[in-house]
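Each ligand, and each atom within it, is numbered from 1 in the order the structure gives. The structure presented is a predicted model; accordingly, all values stated were derived computationally and were not measured.
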Amino acid sequence: MPIQVLDHETAAKIAAGEVITDPGAVIKELVENSIDAGSTRIDISIVDGGKKEITVMDNGSGIMSEEVSLAFERHATSKIHRLEDLYELNSLGFRGEALPSIAAISKVSVKTQSRKEDLGSYVRVDANKTHIIRRSFSPGTSISVEDIFYNTPARLKHMKKSNELSKDIIQLGENLALSHPDISFSLTVDGKTVLKTPGDDNLHNCIYSIFGSEFGDSLISIDYENKPLMISGFLGKSNYTKSSRKYQYTYINNRYVKDTKISRAIEEAYENSIMINQHPVFIVNINIPPHMLDVNVHPSKTKIKILNESLIFLLIKDGIRKTLRDNTTVKEITPKVEKVYSEDKNIVQQEITPLLAQEAPSTVEVLPKKVTQKNSSSPELPKDTNIGQWKPQTKEKDLFLPIKEEKQKSKVLEDNSLPAEKPKINHEFADYFKHTNVVGQLFHTYILFEGEDYILLMDQHAAHERVLFENLSQKLKSGDKITQQIIPVNIKLPPSDYALLMNHVDVFENIGFEFDEFGDNTICLRGVPIFSNKVQDSSLLLEILQEVDKKVDVKKVDAFQELVIRIACKKAIKANKRLSPQEITSLIDSLIACDYPFTCPHGRPILVKLTKYEFEKQFKRIQ
Ligand SMILES: Nc1ncnc2c1ncn2[C@@H]1O[C@H](COP(=O)(O)OP(=O)(O)OP(=O)(O)O)[C@@H](O)[C@H]1O
Ligand SMILES: [Mg+2]
């Protein structure tokens, strides 16, 4: 094929493909134009996930009549005039590409009127032809985009389903609204208003209106300045975390950016104050002088390059750390040795001096319970071979087999701690406990067993997780009643979570939730899974929702199983929880009744064995 210049239309469609990837990108571009136009109110509405129609209406400056057709020319912008202006950029747009790109792949109509003029313009752009009629409108601009990708069939074919697009757009709406609390945003999806913010320039009110009070009350404000950087917004307290990063909103100079590096830097500043696999929430705006930024990295303008990035990251971390530290009310205390059981019950508590010089003192609570007294020796568990560190190896094949999914026939537990009436016994597993006594609980996390020439440590959380997982899997398979009715409670959800929930009602019903729609992104929860101990607590529902959000297809078996695991994890006894002797006994009995009691549902070991031989090696009693 000889070299030839592409015709105007083909070139425009190709260029548009970089800016406009989906209906969400149209909304982002139109809303950013409205923001740049100084609007105080922006109303977005979509039909059919934005595939059929998108409208963005604002009360901003409007477009002057003589400029209106120019707005649809490529590289026509009112925001910069020369390249150097980029270093002083105060607007979100600057490329002069969004409107022509949108017009290249859809049918666009515009109603706009400048405050400075008596008449406005009605513009219809069709197949790159612009028809303009002079008419009177209220000041501002309203742009409607119909039949997106109607002339690019390949893009059209690969678009997501409408409800998924709507959910993404709702999330984008939340994001844009949070970037500008001074603007009142509304979003209407198929005729229903799902988001509305007050626009009173108070970020906390904006957060409240989107996420509700529980979220809003779990935040601390940040106001940090260390030149050249300023951080403002809100940070989640370290005890208010989520299992996904969905609730981390970072803006640079009030621009919505998709930059995971900044989020990670903020997350790192939380350091060890949050639990593993949990993520902090935050809504922060980082102000950096425009000359230190390059926004012209990608046509979507959601990526950003920062000059002297490592310094900026250091300052960000410093700001977050200081704010968190200043807001910590509970100071760290050195653990005290407490008596758990009274001495008249003949239960002794003793302090063990550190096993190794660098380790902190720990306590063992000594309990009077013998587990099993049979006359055979226990099978081999992984041995500790690390010098100076008590790190058991966890590679032993026969102990840590992968989960046998097909075999889930354990006896059920009636609640979180009590065993079923006649628990069956997994003899293979029970053998490990022969000749052992329960010595007590270590660090309120591990249950310590002593045998003749070895000790066993059982992770209480992993063990209980396994018990609940098998119990729940069995209940779900057998079709037993899995819902308990509760006093109905109304739960307001962030709009995107509400949309997600409505898209997956069947998944939630299948695992035992019962609820009705209540309007205003609120559900009335009537029933919860039978094993939920805090029945009025919406956190399990929210937690599962985040899990659903991560999965592409929750109807797949492994994804569904992941949900069940998540529930088990959520409801299982946590580490750092003191257990009574009865609870320990009950947990062991329940675990022994499991089909596969060797690992938690994710495959982490439940039981670790350390031999006397290894102890003696550590203390150099033997070589
Ligand atoms: N809602 C609006 N209110 C007022 N003026 C607008 C509005 N939307 C667009 N315009 C005008 O139309 C011009 C073209 O918009 P367009 O989005 O294509 O480019 P841009 O915003 O300048 O740059 P970018 O391509 O980076 O978004 C803008 O520069 C602005 O002057
Ligand atoms: Mg623009």
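Taking a cutoff of 4.0 Å between a charged side-chain nitrogen and a carboxylate oxygen, Asp520 and Lys492 qualify as a salt bridge. A salt bridge links Asp318 with Lys322: the distance from a Lys NZ or Arg NE/NH1/NH2 to an Asp or Glu carboxylate oxygen falls below 4.0 Å. For Asp58 and Arg41, the salt-bridge test fails: no basic side-chain N is under 4.0 Å from an acidic carboxylate O.
Sorted by first and then second residue, the ring-ring contact (aromatic ring centres under 6.0 Å, His included) pairs involving residues 216-238 (not counting sequence neighbours) are His204-Phe234. Sequence neighbours left out, the pairs with a member in residues 209-218 that pass side chain to side chain donor-acceptor pair (under 3.5 Å) are Tyr208-Asp217.
Of the candidates Leu30, Leu99, Ile102, Leu99 brings a heavy atom nearest to atom 18 (O) of ligand 1. Remark: among candidates His75, Lys301, Glu67, Glu73, the nearest residue to atom 26 (O) of ligand 1 is Lys301, based on non-hydrogen atoms.
Applying the side-chain hydrogen bond (donor to acceptor under 3.5 Å, both in side chains) test to Thr55 and every residue at least two apart in sequence or in another chain returns Glu53, Ser144.
Only the backbone of Ala76 comes within 4.0 Å of ligand 1, judged by heavy-atom distances. The side chain of Ala37, and not its backbone, has at least one atom closer than 4.0 Å to an atom of ligand 1 (non-hydrogen atoms only; side chain from C-beta on). By the criterion of a heavy-atom distance under 4.0 Å, the side chain of Asp58, and not its backbone, is placed next to ligand 1. If you look at Thr141 next to ligand 1, the close heavy atoms, those under 4.0 Å, all belong to the side chain.
Near Ser61, with a cut-off below 4.0 Å to any heavy atom, the atoms of ligand 1 are 4 (C). Per-residue contacts place Gly93 under 4.0 angstrom from the following atoms of ligand 1 (heavy atoms of the residue considered): 21 (O), 23 (O), 24 (P), 26 (O), 27 (O). Every atom of ligand 1 is numbered from 1 in the order shown, and the set under 4.0 Å from a heavy atom of Glu29 is 27 (O). Residue-ligand proximity, Phe94 to ligand 1, at heavy-atom distances under 4.0 Å covers atoms 23 (O), 24 (P), 26 (O). Those atoms of ligand 1 that come under 4.0 Å of a heavy atom in Gly62, given as number and element, are 4 (C).
Between Glu32 and ligand 1 there is no heavy-atom distance shorter than 4.0 Å. The shortest separation from a heavy atom of Pro100 to ligand 1 is under 4.0 Å, placing the residue in contact.
Counting only protein N, O or S atoms, the number found under 2.8 Å from the Mg ion (ligand 2) is 1.
A side-chain N or O of Arg134 and one of Ser65 form a donor-acceptor pair less than 3.5 Å apart. Under the 3.5 Å distance criterion, with hydrogens and angles disregarded, no donor-acceptor pair is assigned to the side chains of Ser45 and Thr188. Looking at His279 and Glu267, their side chains do bring a donor and an acceptor atom within 3.5 Å of each other. Donor-acceptor pairing under 3.5 Å is recorded for the side chains of Ser496 and Lys246. At a cut-off of 3.5 Å, with distance as the only test, a side-chain donor of Ser263 or Thr250 sits close to an acceptor on the other residue. When only modelled atom types and interatomic distance are considered, Asp43 and Ser186 share a side-chain donor-acceptor pair under 3.5 Å. No donor-acceptor contact under 3.5 angstrom links the side chains of Ser138 and Gln113, judged on distance only.
Among all non-hydrogen protein atoms, the one lying nearest atom 17 (O) of ligand 1 is Asn33 ND2, 2.8 Å. The protein heavy-atom contact nearest to atom 29 (O) of ligand 1 is Ser78 N, 3.0 Å. Scanning the protein for heavy atoms near atom 22 (O) of ligand 1, the closest one is Thr77 OG1, 2.5 Å. Closest protein heavy atom to atom 19 (O) of ligand 1: Gly96 CA, 3.3 Å. At the shortest separation from atom 21 (O) of ligand 1 among protein heavy atoms lies Lys79 NZ, 2.7 Å. For atom 10 (N) of ligand 1, the nearest protein heavy atom (residue, atom name, distance) is Ile63 CD1, 3.7 Å. Annotation: atom 25 (O) of ligand 1 to nearest protein heavy atom, Glu97 N, 2.7 Å. For atom 12 (O) of ligand 1, the closest non-hydrogen atom of the protein is Ala71 CB, 3.6 Å.
By the 4.5 Å heavy-atom criterion applied to side chains, Ile183 and Ile35 are counted as neighbours. Counting only heavy atoms from C-beta outward, the side chains of Lys301 and Leu92 never approach each other to under 4.5 Å.
Taking the six-membered ring where the residue is Trp, the centroids of Phe282 and Tyr247 are separated by 6.0 Å or more.
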